[in-house]
Amino acid sequence: LPRLVESGGGCMQAGGSLKLACQASRYVDGHYYLGWFRQAPGGAREGVAAIAIDGVTTYADSLKHRATITQDIPENTVYLQMTDLQPEDTATYFCAARPKTYGALWVRPFDDFPYWGVGTLVTVSS
């Protein structure tokens, strides 16, 4: 089972940017897709971006102009960068893994992620 550890959260100013990291054990083996999700206080969890080890990426439509997902495969790490942060970006950001056997990433890209990190809190103040 993959172990997922997020880092990089904290307090940020509106208009600024963030870079979160997810260290995923054995990501280099290529058996999983990795995704970033977020959940605002009192809100539902939503997908932000996901990536396959071959570099294929997918984004939530509402965030694709501000979010970038990248990876450092030898380091088993996936990053999420977001720009022009707004208070509504305040949320706990989670990294999650989906086995490739569950289907191609572009089919229901934010569904069926069974493995999750504990999340990292991002607070954006105006």
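Model, not experiment: these values are computed from the prediction.
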Self-check item: Donor-acceptor contact present, side-chain D54 to main-chain V56, <3.5 Å
Solution: yes

Quiz item: Can you tell me how far the CG atom of L18 sits from the CE atom of M12, to the nearest 0.5 Å?
Solution: 5.0 Å

Practice problem: Give every residue pair that meets the side chain to side chain donor-acceptor pair (under 3.5 Å) criterion with at least one member in residues 106-115, sequence neighbours excluded. | Solution: R108-D112

Quiz prompt | By salt bridge (charged side-chain N to carboxylate O under 4.0 Å, His left out) - contacts of R3 (at least two apart) | solution = none

Exercise. First locate atom CG of L20, then atom OG of S7, and finally report the distance between them rounded to the nearest 0.5 Å.
Key: 7.5 Å

Exercise. Mind listing the closest non-hydrogen atom pair of V124 and T90 along with its distance?
Key: N-OG1, 2.9 Å

Exercise. Can you run down the side chain to side chain donor-acceptor pair (under 3.5 Å) pairs that involve residues 65-75, sequence neighbours left out, and say none if there aren't any?
Key: Y27-Q71, R66-D89

Quiz prompt | ILVMFWY network linking L63 to L85, side-chain heavy atoms under 4.5 angstrom | solution = yes

Self-check item: Hydrophobic cluster membership, Y79 vs F110, 4.5 Å side-chain cutoff
Solution: no

Quiz item: So how far is it from I51 CD1 to L34 CG, rounded to the nearest 0.5 Å?
Solution: 8.0 Å

Quiz item: Do any N or O atoms from the side chain of Y32 and from the backbone of A96 form a donor-acceptor pair under 3.5 angstrom?
Solution: no

Quiz item: If you round to the nearest 0.5 Å, how far is NZ of K100 from NE2 of H31?
Solution: 8.5 Å

Exercise. Find the distance between CZ (R38) and OG1 (T120) and round it off to the nearest 0.5 Å.
Key: 14.0 Å

Exercise. Give the minimum heavy-atom separation between T77 and A21, together with the two atoms involved.
Key: CG2-CB, 4.1 Å

Quiz prompt | Spatial distance of atom OH (Y33) from atom CZ (F113) [nearest 0.5 Å] | solution = 9.5 Å

Exercise. For I53 and I73, work out which heavy atoms get closest and say how close.
Key: O-CD1, 3.5 Å

Quiz item: How far apart are the closest heavy atoms of L105 and A50, and which atoms are they?
Solution: CD1-CB, 3.8 Å

Quiz item: Looking at side-chain heavy atoms only, is the closest gap between E6 and Y93 below 4.5 Å?
Solution: no

Practice problem: Please report the shortest heavy-atom distance between A91 and L121, naming the atom on each side. | Solution: O-CD1, 3.6 Å

Quiz item: Does the side chain of S17 come within less than 4.5 Å of M82's, by heavy atoms?
Solution: no

Quiz item: What pair of heavy atoms forms the shortest contact from P87 to A14, and how long is it?
Solution: CD-CB, 4.2 Å

Quiz prompt | Cluster check L80, F37: I/L/V/M/F/W/Y, side chain < 4.5 angstrom | solution = no

Self-check item: Side chain to side chain, W36 and C95, heavy atoms closer than 4.5 Å
Solution: yes

Quiz item: Among the clusters formed by ILVMFWY side chains lying less than 4.5 Å apart, do V48 and V118 turn up in the same one?
Solution: no

